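Take a look at the structure below.
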Amino acid sequence: MTEVSSLTGRLLVATPALADPNFDRAVVLLLDHDEEGSLGVVLNRPTPVGVGDILASWAELTGEPDVVFQGGPVSLDSALGVAVIPGDEGPLGWRRVYGAIGLVDLETPPELLAAALGSLRIFAGYAGWGPGQLEAELSQGAWYVVDSEPGDVSSPRPESLWRAVLRRQRSELAMIATYPDDPSLN
């Protein structure tokens, strides 16, 4: 088996050709990527469900929009907290994934993390790939792989994140941001 170069902390941006409706114009933050597979959350799928409706104790700590995001099609009945915590040391209940981005243990009392949090998002479910599955999708051209920025996790306008991430690229990818939602209407 060939060695897998880790993409942990990077973004997968769906290409316009990606046909899976679960990932249409999706921006996925990879939280784990190794030879055993990959796991990430879709950053731009807000739901109408308020964080306070399911995790009341965390509601005050989430940013706008203060709703639960659909992190992907796997395990929709489970919740993941992704937070940005600046600095070198994170508080108890937070595990660094990449840079300032990390996972929150939602069983931890929120007051232990409140002072340190830069931003927090709650995700229902996640996106997952088995060994070699993501690499196959990448070789088929289903995803663009780009660097993440801490602000991507807490974008106040998640519906425009796909275009915003592409627009900031210093390559031909910036042009893809102008790709129409429905090319047949051109």
Side-chain angles (χ1 to χ4, degrees), residues 4-14 25-34 38-47 49-72 75 78-128 134 143-171 173-174 177:
V4 174
S5 176
S6 181
L7 299 177
T8 299
R10 306 223 32 221
L11 296 177
L12 299 178
V13 180
R25 304 264 170 139
V27 178
V28 178
L29 172 65
L30 282 175
L31 300 171
D32 190 28
H33 177 251
D34 58 27
S38 304
L39 180 140
V41 290
V42 180
L43 297 177
N44 58 335
R45 294 281 190 278
T47 71
V49 178
V51 173
D53 295 339
I54 61 166
L55 291 169
S57 61
W58 290 98
E60 286 187 23
L61 299 177
T62 58
E64 290 296 324
D66 59 348
V67 297
V68 175
F69 282 67
Q70 183 176 342
S75 294
S78 65
L80 286 171
V82 177
V84 174
I85 296 185
D88 294 331
E89 294 296 318
L92 184 67
W94 180 78
R95 179 179 61 86
R96 186 178 310 279
V97 170
Y98 181 83
I101 300 167
L103 288 168
V104 171
D105 177 355
L106 296 172
E107 298 294 320
T108 301
E111 56 273 9
L112 292 180
L113 288 108
L117 282 178
S119 66
L120 171 67
R121 278 272 156 84
I122 304 296
F123 296 89
Y126 62 91
L134 178 57
W143 301 98
Y144 304 119
V145 179
V146 300
D147 290 335
S148 64
E149 295 181 0
D152 296 334
V153 171
S154 59
S155 173
R157 297 193 50 223
E159 68 281 354
S160 63
L161 190 61
W162 186 83
R163 290 186 193 285
V165 168
L166 288 172
R167 196 174 294 117
R168 74 178 183 228
Q169 303 309 306
R170 295 182 180 192
S171 66
L173 288 183

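Fair warning: this is a prediction, and the values are worked out from it, not measured in the lab.
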Go through the steps to decide whether Leu31 and Thr8 satisfy the test side-chain contact (heavy atoms from CB on, under 4.5 Å), and finish with yes or no.
CA-CA 5 Å; Leu31 300 171; Thr8 299; 5.9 Å; no
Main-chain N/O of [Y] paired to [X] side chain as donor or acceptor, under 3.5 Å:
X: Asn44; Y: Arg25; value: yes
X: Ser148; Y: Gly9; value: yes
X: Trp94; Y: Val82; value: no
X: Arg96; Y: Asp88; value: yes
X: Arg163; Y: Ala177; value: yes
X: Ser38; Y: Leu134; value: no

Considering all heavy atoms, the nearest [X]-[Y] contact:
X: Pro65; Y: Arg121; value: CD-NH2, 3.4 Å
X: Pro46; Y: Val67; value: CB-CG2, 3.7 Å
X: Leu113; Y: Pro91; value: CD2-CG, 3.9 Å
X: Leu61; Y: Ala114; value: CD2-CB, 3.8 Å
X: Gly125; Y: Val41; value: O-CG1, 4.2 Å
X: Ala116; Y: Ile85; value: O-CG2, 3.6 Å

Would you compute the distance between atom [atom1] of [X] and atom [atom2] of [Y] and round it to the nearest 0.5 angstrom?
X: Leu120; Y: Asp66; atom1: CG; atom2: CG; value: 11.0 Å
X: Leu39; Y: Leu30; atom1: CG; atom2: CG; value: 8.5 Å
X: Ser6; Y: Tyr98; atom1: OG; atom2: OH; value: 9.5 Å

So which pairs with a foot in residues 146-157 pass salt bridge (Lys or Arg N to Asp or Glu O under 4.0 Å), sequence neighbours left out?
Arg10-Asp147, Glu149-Arg168, Asp152-Arg168, Arg157-Glu159
What's the verdict on side-chain contact (heavy atoms from CB on, under 4.5 Å) for Leu80 and Ile122, showing C-alpha distance, side-chain angles and the deciding distance?
CA-CA 6 Å; Leu80 286 171; Ile122 304 296; over 6 Å; no
For Glu89, does the CD atom have more than 12 heavy-atom neighbours from other residues, nucleotides or ligands under 6.0 Å away?
no
More than 12 foreign heavy atoms under 6.0 Å from OH of Tyr144: is that the case here?
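Yes, because the 6.0 Å sphere around OH of Tyr144 holds more than 12 heavy atoms from other groups.
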Please name all residues satisfying ring pair (Phe, Tyr, Trp, His ring centres under 6.0 Å) with Trp58, sequence neighbours left out, ordered by chain then number.
none
Could you walk me through whether Asp105 and Arg95 satisfy the side-chain contact (heavy atoms from CB on, under 4.5 Å) test, starting with their C-alpha distance in whole Å, then the side-chain angles of each, then the deciding distance to 0.1 Å, before giving a yes or no?
CA-CA 8 Å; Asp105 177 355; Arg95 179 179 61 86; over 6 Å; no
How about Val27 and Leu12: do any of their side-chain heavy atoms sit closer than 4.5 Å?
no
Of all pairs that satisfy ring-ring contact (aromatic ring centres under 6.0 Å, His included), the ones with a partner from residues 107-127, not counting sequence neighbours:
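Listed once each, the pairs are Phe69-Phe123.
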Check step by step if side-chain contact (heavy atoms from CB on, under 4.5 Å) holds for Leu106 and Leu55.
CA-CA 9 Å; Leu106 296 172; Leu55 291 169; 3.9 Å; yes
